[in-house]
Amino acid sequence: MLKAIFYKEWIKLRWYMLLALIVTTAVAGYCLLRADRAIELRGAGHIWEVMVLKDAVFIDLLRFVPLLAGILAALVQFMPEMQRKCLKLTLHLPCPQQRMVFAMLAAGVAMLVACFAVNFAVMTAWLSAVLPAELVTNVLSAAAPWYLAGVAGYLLAAWVCLEPAWKRRVLNLAVAALIVRAYFLAPVPRAYNDFLPWLALYTLALSLLAWISVARFKAGCQD
Amino acid sequence: MTRICKIFLCATLAVLAVWQLPWCYAFLTTKATPNSFVMYSSLLGDFILTRYEEGDGIVRRDVAGRAYSEAETDSLLPMFYMRQLVADERFPDTLFGVPVSPREVQNTSFNFRMRPSAVNAPQTGIYFLLESMPKRVELEMPDDAFRFTHAGIEFITMETNAADAEKSARFTRMLAQKGFAFPPRLVSGNPTTMKDYDNGYLLLDARGRLFHLKQTAGQPYVKALTLPEGVEAEHVFLTEFRDRKALGFLTDAEHRLYVVRADGSVVRTGLPAYDPERDDLTIIGNMFDWTVKIASRGVTHYYALRADDYALLKTYDVPTDSGEIFGLSFTSPYDRYVRPRF
């Protein structure tokens, strides 16, 4: 049954994920291209200097892109489910409801992580050719909380989407905005390094929130 | 399961409240507190406090409260207000029996500031070693960068991102010959061309010993500097002041501040305590005295030191309102890391 759920989510998300993959990779590629142009025009030394002395990472444009990708993934996956009341049908499938809801979320998270992994692979491959490992780590460590925000954005948007009452949705949205703020506090690269594993654990735990919305949906909560 | 999820939501809401409410309170209620600018006057033998007072405008007083006019303050702080005194044709020929000239004042005066956020910050581990004896007058950034490894120092040519094995071996050999233990605990330098000359780096090696490294005519210059008996160095700060009398500052595990002189000697200052990880340090120095400001939580200490032997001349403490409100925060003015802290 889980396999079928994963397949169902794949069918729902595959085109969006392809688009997300193209857009996020294109933005990452554009950031790298800009760095490449800067190397062409000013020399590699200039890039190294501003990265070491000014904490430049050259991928600032990418900052909110994973978050947007995560939020849109949740909307694509769960908005039709709620609008067409498909969730009611899904919950009647012969499978434990919790397992099914978390499997749906897991499918979305897995696809997002795969998309983000491609971004990371592209950045690592290009950066490693022109920068030492320390500066590559600088860039990737600056990007890590942004990508984690993408996963958090997906799980929080799922929580908001699955919520049956509009008033509560607005409240959830405000809480979600405050939670997401915690992923964008880095003043410098590597600032999150010690905290990142805990933030990753917390991000995964955010999937618990969606179940509250489903439980309220099951209880028939409405505006 | 639903209960666990609700507990998680409540915990999240509690954390958000403890994080955001104090922030909102601070954001809405923070008011500008009038700060004094404090300088020690060797002519007066006391600190002069310059501050804005409601109704009176900018007032200048000594610690006892005696007021001074602007012109009097200029004369009492001739090294600091040198340009004004020169413009007014009031700059003295001698001070304390020592002939002084505006050029000499310029060359011997310095400002040094070190914030905790600069000390408690992630390090990249990539450094630039400038040529300290450049052929041209102006300094130039090098074509290579370096890193320390457990085996030595490694120079990387930036254009090709490839290691320069020959230069790396030359510098590693010289450091090893001088007894340097890799990798260093601390590396302090100022790799910029916006300075008069280059002092290279002050290093604390793996065993906590102090070394001076620079590049002279393309060759490594390494000098082991002897620390005073029983001193366990904790932080070093390289300086490049115009008078070239100092290599930098050093603090030890007991939070005592030392001056690393250009001849390699390490001399303790009269400051009672300075913790670079918690205190904000400002030194405004001239050829006769240094005014040292150490801003700690709850109090700002001002110290006057004699410039030649760093003996403590006078102290003045000002209690301050740190403005900190109890709550959760993920960032801090004391460091550049993101992590939860109360």
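Here the structure is a predicted model, which is why all the values come from computation and not from measurement. Throughout, a chain's letter reflects where its sequence line sits, starting with A, and its residues are numbered from 1.
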Which heavy atom in A:Ala129 sits nearest to a heavy atom in B:Asn161, and how many Å separate them? O-ND2, 3.6 Å

Nearest heavy-atom contact between A:Leu209 and B:Phe8 is CD2-CD2, 3.8 Å

Could you pull out the closest heavy-atom pair between A:Pro132 and B:Ile126, with the gap in Å? CG-CD1, 3.9 Å

For a quick check under 3.5 Å, do B:Gln123 and A:Arg190 share a side-chain donor-acceptor pair by atom type? no

Between A:Ala191, A:Pro145, A:Ala215, which has the largest tally of heavy atom pairs under 4.5 Å with chain B? A:Ala191

For A:Pro189 and B:Pro122, the nearest pair of non-hydrogen atoms, with its separation, is O-CG, 3.6 Å

Is B:Arg147 close enough and on-axis enough to A:Trp48, meaning under 6.0 Å and within 45°, for cation-pi? no

Out of A:Arg181, A:His46, A:Met51, return the one with the most heavy atom pairs under 4.5 angstrom to chain B. A:Arg181

By a 4.5 Å heavy-atom criterion (distance strictly below it), what part of A:Trp159 contacts chain B: side chain, backbone, both, or neither? side chain

Under 4.5 Å from a heavy atom of chain B, the part of A:Leu199 involved: neither

Heavy atoms from other residues, nucleotides or ligands near NZ of A:Lys8 exceed 12 (cutoff 6.0 Å): yes

Evaluate A:Tyr183 against B:Phe330 for ring-ring contact (aromatic ring centres under 6.0 Å, His included), listing each step before the verdict. CA-CA 10 Å; A:Tyr183 295 80; B:Phe330 287 94; 9.7 Å; no

When heavy-atom pairs shorter than 4.5 Å are enumerated against chain A, which of B:Trp19, B:Tyr337, B:Tyr127 gives the highest number? B:Trp19

Taking everything shown except A:Phe184 itself, do over 12 heavy atoms lie less than 6.0 Å from its CZ? yes

Using non-hydrogen atoms only, which part of A:Ser128 is less than 4.5 Å away from chain B: side chain, backbone, both, or neither? backbone

Can you tell me which portion of B:Gln20 sits under 4.5 Å from chain A's heavy atoms? Options are side chain, backbone, both or neither. side chain

Close side-chain approach of A:Leu208 and B:Met1, heavy atoms under 4.5 Å: yes

Taking B:Asp143, B:Asp335, B:Thr12 one by one, which has the highest count of heavy-atom pairs under 4.5 Å against chain A? B:Thr12

Check A:Leu185, A:Asp194, A:Asn193 against B:Arg339 for a side-chain contact (heavy atoms from CB on, under 4.5 Å) and give me the one that passes. A:Asp194

Among A:Leu53, A:Ile47, A:Ile39, single out the residue with the greatest number of heavy-atom pairs under 4.5 Å to chain B. A:Leu53

Heavy-atom pairs under 4.5 Å with chain A - which of B:Leu16, B:Leu13, B:Ile4, B:Thr124 has more of them than the others? B:Thr124

Name the option with the most non-hydrogen atom pairs under 4.5 Å to chain A; the candidates are B:Thr157, B:Thr331, B:Thr192, B:Ile156. B:Ile156

Sort A:Val175 into side chain, backbone, both or neither according to what part of it lies under 4.5 angstrom from a heavy atom of chain B. both

